[in-house]
Protein chains: 2
Amino acid sequence: MPNEELSAGRSAVVGHAGSYSKGVARRQEILDRAIEVFRERGADGTSLRGIATAIGVSHAALLHYFDSREQLLVAVYEHAESLRDTAKTYQDRSALDVLVKAAMINVGVPGMVELYTTLVAASLAAEGTPSNVFFSDRFARIRKDLAGRLTAEQAAGRVRDDVDPDDIAALLVAASDGLQIQWLLEPSVELERTLESFAVLLAPTS
Amino acid sequence: MPNEELSAGRSAVVGHAGSYSKGVARRQEILDRAIEVFRERGADGTSLRGIATAIGVSHAALLHYFDSREQLLVAVYEHAESLRDTAKTYQDRSALDVLVKAAMINVGVPGMVELYTTLVAASLAAEGTPSNVFFSDRFARIRKDLAGRLTAEQAAGRVRDDVDPDDIAALLVAASDGLQIQWLLEPSVELERTLESFAVLLAPTS
DNA sequence: GTCTATACGAAGATAGAC
DNA sequence: GTCTATCTTCGTATAGAC
């Protein structure tokens, strides 16, 4: 779920469309508190009204800063991700390293995988919805980043060169997302070890 | 999403708990028609009321056969999967073959990936819910089946033996699930080719 | 600009009539 | 076994107080 190496910049897709009219500071505050709610109670009570009550405002107040519940949830996920990831943290790391690191952190936050999966499901429903735009962009960005790392690793002789970096990038993201789900349902599926077994598969064949 | 090699038998988890009091025949009829609704209109209108209207009954009538909307949806997915997969079809196939085949079929049914992802998300919410029980069992069953195939392939020298079959099984399922999602969001991510690039990674190293 | 109050329709679920 | 009626909660929209 997490592979946010390049989350630089403000929310482009989920913010208020181009204007600052809705109070950026207060908006951030709401997001911070919403994340706390998730951290404490998992993904339960994530109704608009539930979140509003937990924060201490009316549900209509939330809609003053976010156009819809879906947009709020996407912003919450995006915000949580940006708090965690710094571009610098992941510099000069291998594709697999970045992936494993992000996955382990993500899995440590209760409700995060559930939130992520719920939003991904919503993103499949229709084009142009907040979650659809967000995840389309996100997947593309992460695949590109990983493919770049893989290409460099191939050039350096650290990854076998008989596979397409773009394919492997998509495969890695898919594996990470899917394994987090399986681990949550069955903790005996060891997330870290299993993901790292990818390293064996990617090692040069020579 | 699909990897239903061993869907033999009646719905164990999602059925009416042990009794036949709710009319098995009518129940099957409802499921058949519900699947048609999905096939025609995707995952839209999947509210209890929407499905009921499409079928031509009241929503309360559906709840006579299924305890909740979630249980109905799980039963729909399970039923759709069982219609598609026959144990015989996949005999003597490689793990990757089975996976690719099932994924391609699954992706061909509108709304199926969305339904699957939605239910998986719901399954993460709490233990003991219909979707949680269903998917916990399902993942375990599929991992076991794939691991068995992989072990046989290793013995036959068709798959490298320096990796753990259980790990690879989990990895394969995760990759298949995740790729179907990515493909739906961005069709340029070629599902079949990408999944099959796994074959290169799994080939014996000798 | 920020927020509360309120209303509306749709949803899942239950109770009870037929 | 199936319906209608009803309850509660939800997302959303609007009006208007401060």
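Chain naming here is simple, since letters A, B, ... match the order of the sequence lines and numbering starts at 1 in each.
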Would you say the side-chain atoms of A:Glu70 and A:Ser68 include a donor-acceptor pair closer than 3.5 Å? no
Find the distance A:Glu29:CD to C:dG1:P and express it as a whole number of Å. 18 Å
List the residues meeting side chain to side chain contact (heavy atoms under 4.5 Å, CB included) with A:Leu31, not counting sequence neighbours, and say none if there are none. A:Gln28, A:Phe66, A:Leu72, A:Ala75, A:Val76, A:His79
Who passes ring pair (Phe, Tyr, Trp, His ring centres under 6.0 Å) against B:Phe38, sequence neighbours left out? none
Could you give the CD1-to-C1' distance, from A:Ile51 to D:dC10, as a whole number of Å? 12 Å
Answer with yes or no whether the side chains of A:Ser176 and A:Gln180 bring together a donor and an acceptor at under 3.5 Å. yes
Summarise protein proximity over nucleotides 3-18 of chain C in one line of letters, 5' to 3': B for base, S for sugar-phosphate only, - for none, counting protein heavy atoms closer than 4.0 Å. BBBBB---BBBB----
Distance-only side-chain donor-acceptor flag, A:Asp177 / A:Tyr116, under 3.5 Å: yes
